[in-house]
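Have a look at the structure below, then the notes.
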Amino acid sequence: MPFLSAGGLVTHYDLAGPQDAPVLLLANSLGTSFHIWDAVMPALAARFRVLRYDMRGHGLTDAVPLEGDNGYSIAALAGDALALMDALGIAKAHVCGLSIGGMVAQHLAAHAPERVERLVLCDTAAVIGPASVWNERVAGIRKIGLAAIAPGVMERWFTAPFRAANPVIMQGCINMVARNTLEGYVGCALAVRDADLRADGARIAAPTLVIVGDQDPATPPASAEALAAGITGARLAVIASASHIPCVEQPAALERLLVDFLSA
């Protein structure tokens, strides 16, 4: 079970694939561990050196105490990713981020362009709001806990037919959300609330692919279109019959897009 100390955090990570292959960094969505990528790993690890990690306060990675009512920041979360790359001796990587992981990926490409080869932004946006939604969610979590809100999260993550057909996967994902630290979830939720990365789009020079599920209510296709429009030369791809977590709901479609784009 690989752990290392990077940037002051004990971070849980996984590094798989040929040692001489290009590195692909995968950044997770809010409330998930790096196992959210399990279904696409066989195809990706056959072609790339894939680095997955648990974000601060998620999975088995250290949480960072919150200061007052403040959360984390996207810049701090991007710093965690860079510290992990540094600790592993990785100078440059393709970066694929999902949801909040996509915000982290945007920040990396805009502020550390020398570290990013190609960029994939999956079911994310430059702004994910409104702030009132995040304030209500955080207040609810602090009052009743993550376990109580986890079943409702599935309605945003997956389409109704997928939920009905996959009750075991749904329960596993509920468990995954519920077992994160409260500090980690709240800190990252507030980071999303406070993030406005629209100015970063113009700074991104890496070839970029924006991907979105056609039924994503959290970061809908219109948000993905706006994100792609703000990045010079970015391409947009829509995955049919998918909501917010296509790496679970439509892994074959997602892996085809990733392999084709990152191998170009």
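Quick caveat: nothing in here was measured; it's all calculated off a predicted structure.
- Proximity of P130 to V133: side-chain heavy atoms (C-beta onward) are separated by under 4.5 Å at one or more points.
- Side-chain atoms of S33 come within 3.5 Å of backbone atoms of H35 as a donor-acceptor pair (strictly under, hydrogens ignored).
- We find the CG-OG distance between L98 and S29 to be 4.5 Å, quoted to the nearest 0.5 Å.
- Linking Ile, Leu, Val, Met, Phe, Trp and Tyr residues whenever their side-chain heavy atoms come within less than 4.5 Å places L30 and L66 in a single cluster.
- Residues I100 and V210 fall within the same hydrophobic cluster, defined by Ile, Leu, Val, Met, Phe, Trp and Tyr side chains chained together at heavy-atom separations under 4.5 Å.
- For N28, the side-chain hydrogen bond (donor to acceptor under 3.5 Å, both in side chains) test picks out W37, with sequence neighbours left out.
- Listed by chain and residue number, F162 satisfy the ring pair (Phe, Tyr, Trp, His ring centres under 6.0 Å) test with F158 (two or more places apart in sequence, or in another chain).
- One finds the CG atom of D62 at 5.5 Å from the CG atom of L9 (value rounded to the nearest 0.5 Å).
- Between R47 and A43 the shortest heavy-atom distance is NH1-O, 2.9 Å.
- Screening residues 116-127 for side chain to side chain donor-acceptor pair (under 3.5 Å) gives no qualifying pairs among residues at least two apart or on separate chains.
- By the side-chain hydrogen bond (donor to acceptor under 3.5 Å, both in side chains) test, R49 pairs with no residue at all, sequence neighbours left out.
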Output a table of donor-acceptor pairs, distance under 3.5 Å, between side-chain atoms of residues 168-178 and any protein atom two or more places apart or on a different chain; print 'none' if there are none.
unit_1, atom_1, unit_2, atom_2, d
Q171, NE2, N175, OD1, 3.0
N175, ND2, Q171, O, 3.4

Could you give the side-chain donor-acceptor pairs of residues 192-204 under 3.5 Å, partners two or more places apart or in another chain?
unit_1, atom_1, unit_2, atom_2, d
R193, NH1, N135, OD1, 2.8
D196, OD1, R198, N, 3.2
D196, OD1, R198, NE, 2.9
D196, OD2, R198, NE, 3.4
D196, OD2, R198, NH2, 2.6
D200, OD1, H111, NE2, 3.1
D200, OD2, H111, NE2, 3.3

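- For residues 221-234, no residue pair satisfies the side chain to side chain donor-acceptor pair (under 3.5 Å) rule, not counting sequence neighbours.
- At least one side-chain heavy atom of L26 sits less than 4.5 Å from a side-chain heavy atom of V50.
- A side chain to side chain donor-acceptor pair (under 3.5 Å) check over residues 150-160, counting only residues at least two apart or in different chains, returns the pairs T159-E249.
- Although no hydrogens or angles enter the test, the distance criterion places a donor-acceptor pair under 3.5 Å between the side chain of Q250 and the main chain of S241.
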Pair up each side-chain donor or acceptor in residues 74-81 with any protein partner under 3.5 Å, not counting sequence neighbours, and list the distances.
unit_1, atom_1, unit_2, atom_2, d
D80, OD1, R56, NH2, 3.0
D80, OD2, R56, NE, 2.7
D80, OD2, R56, NH2, 3.2

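- Across A148 and P151, no two heavy atoms sit closer than the pair O-CD, 3.7 Å.
- Around the CD atom of E67, the shell of radius 6.0 Å holds no more than 12 heavy atoms that belong to other residues, nucleotides or ligands.
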Can you give me every donor-acceptor pair (side chain of residues 10-25, partner residue at least two apart or in another chain, under 3.5 Å) with its distance?
unit_1, atom_1, unit_2, atom_2, d
H12, ND1, D54, OD2, 2.9
D14, OD2, R52, NE, 3.4
D14, OD2, R52, NH2, 3.1

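- Hydrophobic clustering (side-chain heavy atoms under 4.5 Å, transitive across Ile, Leu, Val, Met, Phe, Trp, Tyr) groups L4 together with I90.
- Tracing side-chain contacts under 4.5 Å through hydrophobic residues (I, L, V, M, F, W, Y), one never reaches L119 starting from V127; they form parts of separate clusters.
- What you find for I128 and A218 is that their closest heavy atoms are CG2-O, 4.2 Å.
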Scan the side chains in residues 257-264 for donor-acceptor partners under 3.5 Å anywhere in the protein, sequence neighbours excluded, and list what turns up.
unit_1, atom_1, unit_2, atom_2, d
S263, OG, V259, O, 2.7

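- By the side-chain hydrogen bond (donor to acceptor under 3.5 Å, both in side chains) test, T208 is found to be paired with no residue, residues two or more places apart in sequence or in another chain being considered.
- In this structure, CG in L209 is found 8.5 Å from SG in C96, a value given to the nearest 0.5 Å.
- Distance check, rounded to the nearest 0.5 Å: OG of S73 to CE of M103 gives 12.0 Å.
- Here the CD1 atom belonging to I211 is positioned 9.0 Å from the CG atom belonging to L236, to the nearest 0.5 angstrom.
- Nearest approach of A228 to A234, heavy atoms of both residues: O-CB, 3.5 Å.
- Scanning both residues, L227 and A125, for their nearest heavy atoms gives CD2-CA, 4.1 Å.
- Surrounding CZ of R163 are more than 12 heavy atoms belonging to other residues, nucleotides or ligands, all under 6.0 Å away.
- Between the side chains of H58 and N180, no donor-acceptor pair is found at a separation under 3.5 Å.
- Looking at M85 and R115, their side chains come closer than 4.5 Å, going by heavy atoms from C-beta outward.
- Here the SG-CD distance, from C188 to E183, works out to 11.0 Å after rounding to the nearest 0.5 Å.
- What you find for D216 and H244 is that their closest heavy atoms are OD2-ND1, 2.8 Å.
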